[in-house]
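Counting starts at 1 for both ligands and their atoms, in listed order. Bear in mind the structure is a predicted one, so any value in this text is a computation, not a measurement.
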Amino acid sequence: MPGPTRGFLGRRRTTSDPRLPPGQYDVGGDWPVLTAEPTPRISPETWSITVDGEVENPTTWTWDQAHALPTSAYRGDIHCVTTWSKFDTHFAGISVDTLLDVARPTAEGRFVMAVSKTGYTTNLPIEDVTGGKAWLVWEFDGQPLPIEHGGPVRMLVPHLYFWKSAKWIHTITVMKRDQPGFWERNGYHDRGDPWKQQRYQGD
Ligand SMILES: Nc1nc2c(c(=O)[nH]1)N[C@H]1C(S)=C(S)[C@@H](COP(=O)(O)O)O[C@H]1N2
Ligand SMILES: [Mo]
């Protein structure tokens with residue numbers, strides 16, 4: 001990206017970049033860690049992902065079973081509500097669509113709760129995790145996802161603020177009705193669209 005180097009203007013670049021949602025700045029090469037709970041140690045041997053709730057076929061995949069599914073990658077930007085954005089990230093894993101195709105949400109299943117192994121939760125309308133918009137990822141820039149960033153596997157919903165991307169994802173529960181997750185109970189917006197600046201309740 002053209003423009004002044006870091007250190008000259010400080011870390012908050014003021015250049016306007018069409019990739020930058022309103023109120024955000026380019027964090028550059030950094031990838032801040034934001035975690036509300038103690039970082040869990042999860043080994044691939046014990047990791048699993050379950051899709052349950054309002055589905056016809058509740059299913060659990062082990063590490064090997066998940067890795068046997070068709071891989072899917074994301075290259076693009078991520079945006080945290082604390083105002084940093086990171087451009088051109090590269091994640092790889094599987095599409096949430098692949099899991100939901102097997103679990104088959106019922107017609108009444110209209111929301112999901114993403115649940116971390118730690119108990120962290122975040123809620124999403126099912127449309128925000130289908131149609132190629134959400135992933136379970138285990139690679140960042142071609143390397144295993146670092147544990148502090150949610151490794152071995154996190155959710156990735158890059159078109160929404162990053163609190164919707166649950167680290168250490170363990171269960172996706174399909175629900176009939178919307179229910180607030182951890183940050184949503186604590187004042188954050190229910191949906192979190194960075195282009196609409198949906199940061200806090202009432203935005
Ligand atoms: N389990 C868990 N997932 C989480 C969080 C958390 O505290 N716990 N924080 C969320 C928030 S607020 C952000 S901005 C991103 C931070 O991800 P990072 O630490 O990889 O940058 O993770 C999201 N997912
Ligand atoms: Mo965040």
Side-chain angles (χ1 to χ4, degrees), residues 11-12 19-44 46-51 66 73-93 96 111-125 128-129 133-173 179-203:
R11 61 197 288 263
R12 295 196 182 226
R19 296 173 295 179
L20 210 52
Q24 297 291 112
Y25 74 97
D26 172 13
V27 76
D30 296 341
W31 186 9
V33 172
L34 284 141
T35 308
E37 71 275 34
T39 296
R41 309 268 143 187
I42 303 163
S43 69
T46 59
W47 180 85
S48 66
I49 179 67
T50 295
V51 179
Y74 171 73
R75 187 183 283 280
D77 311 331
I78 56 177
H79 312 287
C80 175
V81 69
T82 61
T83 75
W84 58 265
S85 291
K86 186 169 167 53
F87 293 145
D88 201 29
T89 64
H90 191 208
F91 290 93
V96 171
F111 297 89
V112 302
M113 188 71 83
V115 184
S116 301
K117 183 76 187 242
T118 55
Y120 178 92
T121 53
T122 187
N123 57 305
L124 301 119
D128 277 322
V129 299
K133 295 194 286 293
W135 289 260
L136 260 56
V137 294
W138 46 71
E139 257 182 48
F140 175 74
D141 278 352
Q143 299 297 316
L145 182 69
I147 181 171
E148 67 274 17
H149 289 300
V153 185
R154 79 178 297 159
M155 192 130 150
L156 177 69
V157 192
H159 70 289
L160 299 177
Y161 282 125
F162 214 32
W163 88 77
K164 296 290 184 180
S165 295
K167 306 201 277 191
W168 312 295
I169 186 73
H170 180 260
T171 306
I172 297 171
T173 300
Q179 280 178 49
F182 175 75
W183 282 120
E184 295 83 4
R185 278 196 303 275
N186 286 284
Y188 281 26
H189 195 276
D190 196 59
R191 176 140 186 274
D193 182 341
W195 296 97
K196 297 179 179 161
Q197 288 220 66
Q198 294 173 337
R199 298 176 191 275
Y200 307 109
Q201 279 164 28
D203 284 353

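- Taking the six-membered ring where the residue is Trp, the centroids of Tyr188 and Trp163 are separated by under 6.0 Å.
- At least one donor-acceptor pair closer than 3.5 Å links the side chain of Asp26 to the backbone N or O of Gly28.
- Between Lys133 and Asp128, no side-chain nitrogen of the basic residue sits less than 4.0 Å from a carboxylate oxygen of the acidic one, so the salt-bridge criterion is not met.
- Residues Leu34 and Cys80 form a side-chain contact, since some pair of their non-hydrogen atoms from C-beta on lies under 4.5 Å apart.
- Between Lys164 and Glu184, at least one side-chain nitrogen of the basic residue sits less than 4.0 Å from a carboxylate oxygen of the acidic one, meeting the salt-bridge criterion.
- The pair Asp88-Arg75 meets the salt-bridge criterion, since a charged nitrogen lies less than 4.0 angstrom from a carboxylate oxygen.
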Ligand 1: which protein N/O atoms lie under 3.5 Å from its N/O atoms?
residue	atom	partner	partner atom	Å
ligand 1	1 (N)	Glu37	OE2	2.8
ligand 1	1 (N)	Ser116	OG	3.1
ligand 1	1 (N)	Lys167	O	3.3
ligand 1	3 (N)	Lys167	N	2.9
ligand 1	7 (O)	Ala36	N	2.7
ligand 1	7 (O)	Glu37	OE1	3.3
ligand 1	8 (N)	Glu37	OE1	2.9
ligand 1	8 (N)	Glu37	OE2	3.1
ligand 1	9 (N)	Leu34	O	3.3
ligand 1	17 (O)	Arg154	NH2	3.2
ligand 1	19 (O)	Leu34	N	2.9
ligand 1	19 (O)	Lys167	NZ	2.6
ligand 1	20 (O)	His149	ND1	2.6
ligand 1	20 (O)	Arg154	NH1	2.7
ligand 1	21 (O)	Trp31	NE1	3.1
ligand 1	21 (O)	Pro32	O	2.6
ligand 1	22 (O)	Arg154	NH2	3.2
ligand 1	24 (N)	Ser165	O	3.0

